[in-house]
Amino acid sequence: MAALLGTNTALMLFQGIEQAKDPNTIREVALAIIAAALPFQAIYFLIYTFLLEHEPRLPPERIHKLGLASALCQVVSYASLVGVAMMWYNLSSWVGLSFVGSSILAIFLIRNVMAPVEPLDEEQLTSAKSAS
């Protein structure tokens with residue numbers, strides 16, 4: 001998420017400067033999509049930091065609500081990749097298509113790896129230790 005925030009901020013800066021010099025409708029729409037996602041990226045980090053500091057003292061229902069808000073922020077943040085893809089596709093259809101394909105694979109990978117994990121019971125722990 002930090003890489004996405006940094007990329008989007010840099011794109012807003014440099015492509016915004018370019019947009020002021022040479023207006024382009026596709027770039028304008030792409031920048032609008034990215035701009036709409038930036039606050040959600042910032043809120044994601046606020047939620048993450050809040051949970052790191054206060055999770056032991058929070059009731060489960062509050063943690064659940066913060067988890068849902070965090071997931072929503074992630075989805076909106078991932079949507080900013082549409083704006084990035086629009087800009088790359090505007091430069092070159094090959095670059096744009098490559099970016100879209102790799103972004104989709106990367107999102108599936110990270111969502112799969114970061115999916116909630118059920119804790120192992122004692123029997124599973126014993127068999128996992130003996131297997132390694």
Side-chain angles (χ1 to χ4, degrees):
M1 196 59 66
L4 190 56
L5 178 59
T7 299
N8 286 342
T9 303
L11 279 169
M12 288 295 295
L13 174 63
F14 295 111
Q15 291 293 328
I17 292 169
E18 187 63 27
Q19 183 67 9
K21 292 179 191 174
D22 179 29
N24 178 304
T25 304
I26 292 175
R27 187 186 307 123
E28 186 81 21
V29 172
L31 288 171
I33 292 169
I34 293 169
L38 284 173
F40 288 91
Q41 292 166 353
I43 290 170
Y44 170 83
F45 286 111
L46 289 172
I47 292 169
Y48 178 78
T49 304
F50 181 81
L51 281 171
L52 282 178
E53 292 178 15
H54 302 286
E55 188 170 12
R57 296 180 300 278
L58 294 173
E61 58 274 357
R62 180 104 180 257
I63 292 172
H64 179 71
K65 285 181 181 180
L66 287 166
L68 290 175
S70 176
L72 176 64
C73 289
Q74 288 176 0
V75 169
V76 173
S77 295
Y78 295 150
S80 72
L81 292 173
V82 171
V84 176
M86 288 173 67
M87 279 193 271
W88 294 159
Y89 192 82
N90 196 34
L91 294 174
S92 163
S93 59
W94 286 104
V95 173
L97 291 174
S98 296
F99 181 79
V100 168
S102 66
S103 293
I104 290 169
L105 289 174
I107 288 170
F108 281 125
L109 172 69
I110 197 68
R111 296 304 295 170
N112 187 33
V113 170
M114 294 182 71
V117 178
E118 294 296 322
L120 298 176
D121 62 20
E122 191 62 37
E123 183 179 319
Q124 291 171 324
L125 280 172
T126 306
S127 64
K129 286 179 184 176
S130 63
S132 56

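All values below were derived from every heavy atom in this structure, side-chain atoms included, with hydrogens, water molecules and symmetry-related copies excluded.
Here CD1 of I47 is found 7.5 Å from CG of L51. Values are rounded to the nearest 0.5 Å. S102 OG to L81 CG: the interatomic distance, rounded to the nearest 0.5 Å, is 9.0 Å. How far CD1 of I26 is from CG of L31: 12.0 Å, rounded to the nearest 0.5 Å. Once rounded to the nearest 0.5 Å, the distance linking CD of Q74 with CE of M1 reads 4.5 Å. Note: I34 CD1 to M87 CE = 3.5 Å, rounded to the nearest 0.5 Å.
Shown here for A85 and V100, the closest heavy-atom pair between the two residues is CB-CG2, 3.6 Å. Contact record, I43 with C73: CG2-SG, 3.7 Å, taken as the closest heavy-atom pair.
Applying the side chain to side chain donor-acceptor pair (under 3.5 Å) test to every pair with at least one member in residues 19-39, sequence neighbours left out, gives these pairs: Q15-R27, Q19-R27, Q19-E28. Listed by first and then second residue, the ring-ring contact (aromatic ring centres under 6.0 Å, His included) pairs involving residues 46-87 are F50-H54 (not counting sequence neighbours). For the side chain to side chain donor-acceptor pair (under 3.5 Å) condition, no pair includes a residue of residues 88-101, sequence neighbours left out.
Hydrophobic clustering, with ILVMFWY side chains joined whenever heavy atoms are under 4.5 angstrom apart, keeps L58 apart from L46. When the side chains of ILVMFWY residues are joined at heavy-atom separations under 4.5 Å, either directly or via intervening members, I107 and V76 end up in two distinct hydrophobic clusters. Under the 4.5 Å side-chain contact rule for hydrophobic residues, I63 and L66 share a cluster. L91 and L97 sit in two unconnected hydrophobic clusters of ILVMFWY residues. Membership requires side-chain heavy atoms under 4.5 Å apart, directly or through other members. Put simply, I33 and Y44 are part of two different groups of oily side chains (I, L, V, M, F, W, Y) that touch within less than 4.5 Å, one to the next.
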Side chain to side chain contact (heavy atoms under 4.5 Å, CB included) between L5 and F45, intermediate numbers included: CA-CA 10 Å; L5 178 59; F45 286 111; 3.8 Å; yes
Stepwise side chain to side chain contact (heavy atoms under 4.5 Å, CB included) check, L4 with V84: CA-CA 10 Å; L4 190 56; V84 176; 5.7 Å; no
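With hydrogens and angles ignored, the 3.5 Å screen pairs a side-chain donor or acceptor of S80 with a backbone N or O of S77.
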